[in-house]
Amino acid sequence: MTDHLRPGVLFDLDGTLVDTNYLHTLAWSRALRDAGEWAPMNAIHRLVGMGADQFLPDLLGHDSPEASAARPGHYNKMIGDAVAFPGAAKLLRAVHTQGLAVVLATSASDDDLTVLRKILDADDVIDTHTSADDIDRSKPDPEVFVTAMRVANIDPRRALAVGDSVWDIRAARAAGIGCVAVESGGFSQHELSEAGALDVYQDVDELRRQLNTSPVALLTRQA
């Protein structure tokens with residue numbers, strides 16, 4: 001039975017709603033050096049959006065508990081430089097006004113999520129969230145989106161994800177839902193389209209301005 005389920009939008013946070021991807025890149029670079037490891041920052045950036053469970057094996061070919069332990073300290077020193085992208089909170093409010101559930105579905109830890117939600121300043125329209133602490137496998141595994149839909153009682157047939165990376169798109173597709181992408185995380189329109197994004201926008205403010213002609217509008221008609 002799906003009568004109690006509702007339509008909704010699952011929002012990635014880092015690189016989508018809040019400008020943090022390059023902070024993560026620098027934090028990982030410093031953490032790797034602490035652990036006696038090294039990778040070029042361009043390679044690190046390409047994998048931001050994955051959780052540490054997949055990030056380091058993909059980047060290094062092996063895990064590094066020392067780097068994973070060191071990263072939060074470096075990131076916390078820089079979190080004060082994080083800002084919400086223009087229009088981010090307005091987009092969430094516009095989606096909420098359309099009668100759609102608004103869910104944060106992120107690979108960030110609960111501690112990071114708490115800070116970023118304060119920066120975003122839109123708690124009044126966020127229905128719920130899932131984070132790295134709620135799942136065993138991070139993006140591009142679909143678990144974060146599957147869990148978010150279950151927690152928020154969202155019908156997968158009337159759900160979309162919004163993200164900034166190919167990992168978001170792959171996770172959404174594996175979860176059986178479409179993904180609208182933004183270029184603000186550093187991936188190009190071509191890369192995001194090739195990965196399977198339903199549509200690509202420069203940033204969330206452009207998506208907000210074009211909301212009524214975006215794939216999100218289809219959910220609104222079904223609400």
Side-chain angles (χ1 to χ4, degrees), residues 10-79 82 104-116 129-150 161-177 179 181-188 190-197:
L10 314 175
F11 288 92
D12 174 60
L13 193 56
D14 289 293
T16 300
L17 297 173
V18 185
D19 191 8
T20 54
N21 278 12
Y22 295 96
L23 302 181
H24 282 297
T25 298
L26 186 54
W28 273 117
S29 178
R30 291 174 176 174
L32 287 168
R33 289 200 302 269
D34 289 348
E37 304 276 5
W38 180 84
M41 282 206 232
N42 68 303
I44 295 171
H45 171 258
R46 302 297 295 177
L47 298 179
V48 168
M50 282 187 173
D53 61 313
Q54 301 188 61
F55 177 94
L56 289 172
D58 200 296
L59 180 69
L60 302 174
H62 57 84
D63 199 3
S64 175
E66 296 86 355
S68 293
R71 185 211 64 86
H74 288 295
Y75 181 68
N76 290 339
K77 291 176 183 177
M78 296 184 284
I79 191 64
L104 300 183
T106 175
S107 295
S109 69
D110 271 346
D111 288 342
D112 289 349
L113 179 59
T114 297
V115 174
L116 296 179
H129 71 264
T130 56
S131 71
D133 299 278
D134 301 311
I135 59 175
D136 295 319
R137 295 279 293 173
S138 62
K139 300 171 188 173
D141 189 275
E143 185 182 4
V144 64
F145 289 137
V146 172
T147 300
M149 288 188 285
R150 185 183 72 249
V162 177
D164 67 290
S165 72
V166 298
W167 320 119
D168 293 314
I169 298 167
R170 291 177 187 175
R173 295 183 69 182
I177 63 175
C179 186
V182 290
E183 296 178 90
S184 51
F187 282 92
S188 69
H190 174 75
E191 291 171 309
L192 296 167
S193 295
E194 284 292 303

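Residue numbers run from 1 in the order of the sequence given.
- Under the side chain to side chain contact (heavy atoms under 4.5 Å, CB included) test applied with L10, the options V144, I177, T147 reduce to a single match, I177.
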**OP:** Applying side-chain contact (heavy atoms from CB on, under 4.5 Å), run through L47 and W167 and close with a yes or a no.
**Re:** CA-CA 8 Å; L47 298 179; W167 320 119; 3.5 Å; yes

Side-chain atoms of residues 55-64: list all donor-acceptor pairs with protein atoms under 3.5 Å, sequence neighbours left out, distances to 0.1 Å.
from: S64; atom 1: OG; to: A67; atom 2: N; distance (Å): 3.2

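- Here the closest heavy-atom approach between residue R173 and residue A195 is recorded as NH1-O, 3.0 Å.
- Under the side chain to side chain donor-acceptor pair (under 3.5 Å) criterion, T106 pairs with no residue at all, not counting sequence neighbours.
- For R137, the side-chain contact (heavy atoms from CB on, under 4.5 Å) partners two or more places apart in sequence, or in a different chain, are D53, Q54, D141, E143.
- Contact between V166 and L192 at its shortest, heavy atoms only, is N-CD2, 4.1 Å.
- The main-chain N or O of G185 is found under 3.5 Å from a side-chain atom of H45 such that the two form a donor-acceptor pair.
- Not counting sequence neighbours, the partners of R46 by the side chain to side chain donor-acceptor pair (under 3.5 Å) test are E191.
- Shown here for D164 and G15, the closest heavy-atom pair between the two residues is CB-O, 3.4 Å.
- Closest approach of A105 and T130 over heavy atoms only: CA-OG1, 3.7 Å.
- Closest approach of I169 to C179, counting heavy atoms only: CG1-SG, 3.8 Å.
- The OG atom of S184 sits 7.5 Å away from the CG atom of N21 when rounded to the nearest 0.5 Å.
- Residue A82 comes nearest to T20 through the heavy atom pair CB-CG2, 3.6 Å, listed as atom of the first residue, atom of the second, then distance.
- Sequence neighbours left out, not one pair with a member in residues 14-25 passes salt bridge (Lys or Arg N to Asp or Glu O under 4.0 Å).
- Rounding to the nearest 0.5 Å gives a distance of 6.5 Å between CG of L113 and CG of L13.
- Take S29 and apply the side-chain contact (heavy atoms from CB on, under 4.5 Å) test, not counting sequence neighbours, and it matches R33, M41, I44.
- Residues that satisfy the side-chain contact (heavy atoms from CB on, under 4.5 Å) test with S109, not counting sequence neighbours, are D111, D112, D133.
- In this structure R150 satisfies the side chain to side chain donor-acceptor pair (under 3.5 Å) test with no other residue, sequence neighbours excluded.
- The main-chain N or O of G73 is never found under 3.5 Å from a side-chain atom of R30 such that the two would form a donor-acceptor pair.
- Residues passing the ring-ring contact (aromatic ring centres under 6.0 Å, His included) test with H129: none are found, sequence neighbours excluded.
- Under the rule for a ring-ring contact (aromatic ring centres under 6.0 Å, His included), the partners of Y75 that lie at least two apart in sequence or sit in another chain are H24.
- Atom OG of S131 is separated from atom CG of L104 by 10.0 Å, given to the nearest 0.5 angstrom.
- For the side-chain contact (heavy atoms from CB on, under 4.5 Å) test, residues two or more places apart in sequence or in another chain that qualify with A171 are K139, F145.
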